[in-house]
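See structure below.
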Protein chains: 2
Amino acid sequence: MFVSKSCSYGIRSVAYLSGYPQGKYVPIRDISNDLNISYHFLTKILQMLTANNVLISSRGAGGGVALAREASSITLYDLIIAIDGDELFTGCLLRLPGCGTKTPCPVHQEWDVARGKVNHFCCHTSVTELHQHVLLLSDNTLSAP
Amino acid sequence: MFVSKSCSYGIRSVAYLSGYPQGKYVPIRDISNDLNISYHFLTKILQMLTANNVLISSRGAGGGVALAREASSITLYDLIIAIDGDELFTGCLLRLPGCGTKTPCPVHQEWDVARGKVNHFCCHTSVTELHQHVLLLSDNTLSAP
DNA sequence: GTAATAAAAGACTCTTTTATCTTAAATTAA
DNA sequence: TTAATTTAAGATAAAAGAGTCTTTTATTAC
């Protein structure tokens, strides 16, 4: 419905990494243990982030993945685009065939405004801001009111 | 990402039905033909809408599905809740474990504001407003800019 | 009552997403 | 150079969403 589960895992992982200095390698095994995410699955997700220059990686002893740049410069927008693509920021809310700027559906304009706000705060929220929340709630606790 | 494909089909079908008087039965076969939606699949989706008192149905010759009330009183919100449930209006954008009013994630508040706008226009957009758009673009045309 | 019509219900298939398992390749340490 | 470590890559499986097909049940028309 919102970001994919893969994307959520990626976001949590990068927020976790933001507790380490930029360039410091952390084994994916540690991340998967601490955040309760399947190791091999997480490996594939983080590969997308290294391919998109959000992370760097190093094999072998002392290796792992590391932030490719300052945590404060890595935004939610970067991560969502890297893992889920731009659909969230471009698609029709109702998935109506033919909806676009030429032939907008009746909610196209209003959805565009709301989505613009989402786009804006995703571009202005860095992973450092997520760090505390992710570390405190790293288990399988479900969303609660 | 947004509403499910099933929900989109449901919305288009009810918008289609809003071209008929309330209570007038239209065979699901006609809807599936005109909107290019798989007949048997659509049957299951429309059953959800009859279960939620959005539609009424009648078997046998001269039967079909019909609007249970005035088209102008059937909103997008009604249809989304009936088919996809309330997740769109309650879930965490980032799917973060533990995110809620007690321990909100850093984008919780802003997402809530944006979503409030979505909720508002979904509650204030009736299917009659979608009728024209759905009829004109009933084929398999993909979204275009 | 019989035949035709049309939704309801159930079984089954296909695709995508999510998850697991195994092997290969690269790096470090000794 | 050998062993240990750790990402990369590939194959496979489980779960959910989407779509198809068949049978059953209810309704109408004759």
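All values derive from a computational prediction rather than experimental measurement. The chains referred to below are lettered A, B, ... by the order of the sequence lines, with proteins before strands, and numbering in each begins at 1.
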What parts of residues 42-57 of chain A reach DNA chain D, counting only heavy atoms under 4.0 Å away? K44(A), Q47(A), S57(A)
Ring pair (Phe, Tyr, Trp, His ring centres under 6.0 Å) with H124(A): which residues, sequence neighbours excluded? H120(A)
Tell me the interatomic distance from I37(A), atom CD1, to dT20(C), atom C1', rounded to whole angstroms. 15 Å
Tell me yes or no: between the side chains of S4(B) and S6(B), is some donor less than 3.5 Å from an acceptor? no
side-chain contact (heavy atoms from CB on, under 4.5 Å) against Y39(A), all qualifying residues, sequence neighbours excluded: I28(A), R29(A), S32(A), T43(A)
Can you sort out the partners of K5(A) under side-chain contact (heavy atoms from CB on, under 4.5 Å), two or more places apart, ordered by chain and number? Y9(A), R95(B)
Contact string for nucleotides 22-30 of chain C, one letter per nucleotide 5' to 3', B = base within protein heavy-atom range under 4.0 Å, S = sugar-phosphate only, - = neither, reads B--BBBS--
Between Y39(B) and dA6(C), is there a contact of a side-chain N or O with OP1 or OP2 at under 4.0 Å? no
Heavy atoms only, 4.0 Å cut-off, all strands: where does Y25(B) land among base, sugar-phosphate and nothing? nothing
Using atom types as modelled, flag every donor-acceptor pair under 3.5 Å from a side chain in residues 48-74 of chain A to any protein atom, sequence neighbours excluded.
{"residue": "T50(A)", "atom": "OG1", "partner": "Q47(A)", "partner atom": "O", "Å": "2.8"}
{"residue": "N52(A)", "atom": "ND2", "partner": "M48(A)", "partner atom": "O", "Å": "2.8"}
{"residue": "R69(A)", "atom": "NE", "partner": "S73(A)", "partner atom": "OG", "Å": "3.3"}
{"residue": "R69(A)", "atom": "NH1", "partner": "N53(A)", "partner atom": "O", "Å": "3.4"}
{"residue": "R69(A)", "atom": "NH2", "partner": "D78(A)", "partner atom": "OD2", "Å": "2.8"}
{"residue": "E70(A)", "atom": "OE2", "partner": "S72(A)", "partner atom": "OG", "Å": "3.0"}
{"residue": "S73(A)", "atom": "OG", "partner": "E70(A)", "partner atom": "O", "Å": "2.8"}

Between dT20(D) atom P and R29(B) atom CZ, what is the distance in whole Å? 11 Å
Taking atom P of dT18(C) as reference, at what distance in whole Å does atom CD1 of I83(A) sit? 11 Å
Remaining members of the apolar cluster that contains V113(A), side-chain heavy atoms under 4.5 Å: none
If you look only at pairs with a residue in residues 58-101 of chain A, which of them pass as a ring-ring contact (aromatic ring centres under 6.0 Å, His included), with sequence neighbours excluded? Y77(A)-F89(A)
Under the salt bridge (Lys or Arg N to Asp or Glu O under 4.0 Å) rule, what pairs show up with a residue in residues 15-28 of chain A, not counting sequence neighbours? none
Test side chain to side chain donor-acceptor pair (under 3.5 Å) applied to Y25(A) - qualifying residues, sequence neighbours left out: none
Looking only at heavy atoms, which two atoms of L130(A) and A15(A) are closest? And how far apart? CB-CB, 3.9 Å
Protein-nucleotide distance (L35(B), atom CG; dG19(D), atom C1'), rounded to Å: 16 Å
Below 3.5 Å is the cut-off: list the nitrogen or oxygen pairs between protein and nucleotides 14-17 of chain C, distance only.
none

Between dT12(D) atom P and F41(A) atom CZ, what is the distance in whole Å? 19 Å
Whole Å only: how far is the CD1 atom of I28(A) from the C1' atom of dA19(C)? 15 Å
Counterpart residues, salt bridge (Lys or Arg N to Asp or Glu O under 4.0 Å), relative to D112(A) (two or more places apart): R115(A)
d(CG, L17(A); C1', dT7(D)) in whole Å: 14 Å
Return the nearest nucleotide to the side chain of P27(A); candidates are dT20(D), dT6(D), dA6(C). dT6(D)
